[in-house]
Protein chains: 2
Amino acid sequence: MTERTLTRKGQATRERIVAAATELIARQGVAGTSTEQVRDAAGVSGSQLYHYFDSKQALIRAVITRQADAVGDADGLPRLGALDSFDALQAWADAAIERQAENGGRGECSLGTLAAELSVSDEDSRAELSTGFLRWKDLLHDGLHRMQERGELRADADLDQLAYALLAALQGGTLMSQTLRSTDPFRASMAAALAYVRSFEVG
Amino acid sequence: MTERTLTRKGQATRERIVAAATELIARQGVAGTSTEQVRDAAGVSGSQLYHYFDSKQALIRAVITRQADAVGDADGLPRLGALDSFDALQAWADAAIERQAENGGRGECSLGTLAAELSVSDEDSRAELSTGFLRWKDLLHDGLHRMQERGELRADADLDQLAYALLAALQGGTLMSQTLRSTDPFRASMAAALAYVRSFEVG
C-alpha cells in the first residue's frame, strides 16, 4: 500500500507506524525488533499494521526511505542540499559533532547502522539503502557544484569523490564514536574530510 | 572457559567453532546466526559448544576478539603495525581497495559490521569492539610515530587524530561500498584520509 492511495487519516496512521519502527530499530537493531513491538508502540492492531505493511521487509524499507529523506531536515542539522560554501560545510560538521557530544558519543545516523546490518544479508534493503546514500551524495554534490560554478572550488575537483569522502567520514566517524563512546574519531574523520575538500579551494 | 586452560585439541576445537561463527556472522549478521547453525557448521555437539561458550554472547565476544586480532595479518593485507611510511600506507589502502574490487564491492571488515549491529544494543560487545578499534588505532599510531621520529611527519601532527581519520575512512568507505556495490566511495574515503596524513609531511 503506497502513501499516495491513502486518506489523510490513513497517512497519519502509516506515519505513526513507521516512526515507531524507526525508534525501535534505532535502539534494538532490525533483527531485535519484532512487528509485535512496532504494533504495540504505534498503538495499532495487527490487521491495521498488515493493512499498511504486508511484511516486516516492507516496513523496514519504509524506515529506510524515511531516514534517507529526514537527513538534515527534520533532525535539526543543516540540510545537505544547502551546503554550498566552506563555512556551511564546517557548520554542518560542527553541528553533527555537537549533537553526538550531547548524546554521549552515540550516533543517530541510522541509515549507516541499517546499512551495516542489512546490506550483506538483505538484497531489497541494500538496494533501498543504496538509493538513500546516492541521494545524499547527489545533495552534497549539488552544493559542491555551486561552489565550483562560483569559482571557489577548482575545476579539476572530482565532486563525486569529494561527496563520497564526506559521507564516508560521516558514516565511519559516527560508527567509531558510537562504539568508543567518544567524539574523538568523529571529530578526526570530519576534520580530515573537510581538509581534503579545502585542498581544492581556489586561491 | 579461557583459551589458556585448554589442551591443544581443545584449542583446535574452540578455534573451529569461532571460525565457523565468524563466517556465518559475516554472511548473516549476528541476529541472523543461531548457535545451532554454528554447531552444525563447526561439526560439534551442543554440549561441546556449551563447554567452550556458555552463551551466544560469549561466542560473539570471541568472534570480535578474533576479528580484532586478524586485521592485516591472516587476511593478506599489510599488517597495521607495519605502516610506517607514506608508501606503506598507500600500499595498504591500495590492497584493501583491490580486495574489495575482487569481492564486487562487498566489504569484509566485519569488526565494523559487528560494531554497527551491536554497539547500540549490547554493552558487553560494545566494550569488546571498542577495545578492538583502540588496538587498531594504536597500531596505526605506532607506525605514524616512527614516521614522526624519522622526521617525515611534522612534530605538530596529532597522531591519534590521523589514526582515527584513517580508520574511520576505512570503516565508512567499506560500509558505503558494500551498500552501493561499488568501490568508488571506498576509493574516495581512503584518498581523502591519506591526503590528510600527507598534508603533515615534512618538506
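All chains are named by letter (A, B, ...) in the order of the sequence lines, taking the proteins before the strands, and each is independently numbered beginning at 1. Just so you know, these numbers use all the heavy atoms, side chains as well, and skip hydrogens, waters and symmetry mates.
- Residues A/R154 and A/Q148 share a closest heavy-atom pair of O-NE2, 2.9 Å.
- Ion pair B/E152/B/R146 not flagged as a salt bridge, since none of the NZ, NE, NH1 or NH2 atoms sits closer than 4.0 Å to an Asp/Glu carboxylate oxygen.
- Across A/A115 and B/T179, no two heavy atoms sit closer than the pair CB-OG1, 3.5 Å.
- Salt bridge annotation for B/E123-B/R126: present, with a cationic side-chain nitrogen under 4.0 angstrom from a carboxylate oxygen.
- When atom types are taken as modelled, the side chain of A/W136 and the backbone of A/A68 share a donor-acceptor pair closer than 3.5 angstrom.
- Of all residues in residues 193-203 of chain A, those placing a non-hydrogen atom less than 4.5 angstrom from a non-hydrogen atom of chain B are A/A195, A/Y196.
- Taking every heavy atom of both residues into account, B/P185 and B/L180 meet most closely at CG-CD2, 4.0 Å.
- With contacts defined as side-chain heavy-atom distances shorter than 4.5 Å, the pair B/Y52/B/L59 does not qualify.
- With contacts defined as side-chain heavy-atom distances shorter than 4.5 Å, the pair A/L114/A/S125 does not qualify.
- Remark: side-chain polar atoms of B/S177 are not paired, donor with acceptor, to backbone N or O of B/T174 under 3.5 angstrom.
- Using a 4.5 Å cut-off between non-hydrogen atoms, the part of residues 157-165 of chain A that approaches chain B consists of A/Q161, A/Y164, A/A165.
- The interface of residues 40-48 of chain A with chain B, defined by heavy-atom distances below 4.5 Å, is empty.
- A donor-acceptor pair under 3.5 Å links the side-chain atoms of A/K56 to the main chain of A/T33, judged by distance alone.
- Looking only at side-chain heavy atoms (C-beta outward), B/F86 and B/M147 come within less than 4.5 Å of each other.
- No part of B/L166 comes within reach of chain A, as not one of its non-hydrogen atoms sits under 4.5 angstrom from that chain.
- With respect to chain A, the highest number of heavy-atom pairs below 4.5 Å among B/L167, B/D184, B/V30, B/L175 belongs to B/L175.
- Contact annotation for B/A191: both backbone and side-chain heavy atoms come within less than 4.5 Å of a heavy atom of chain A.
- By the side chain to side chain donor-acceptor pair (under 3.5 Å) test, A/S130 pairs with no residue at all, sequence neighbours left out.
- Of the candidates A/L139, A/L89, A/D84, A/L89 is the only one forming a side-chain contact (heavy atoms from CB on, under 4.5 Å) with A/L144.
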Worksheet item: Can A/T131 and A/L134 be said to form a side chain to side chain contact (heavy atoms under 4.5 Å, CB included), step by step?
Response: CA-CA 5 Å; A/T131 305; A/L134 286 173; 5.8 Å; no

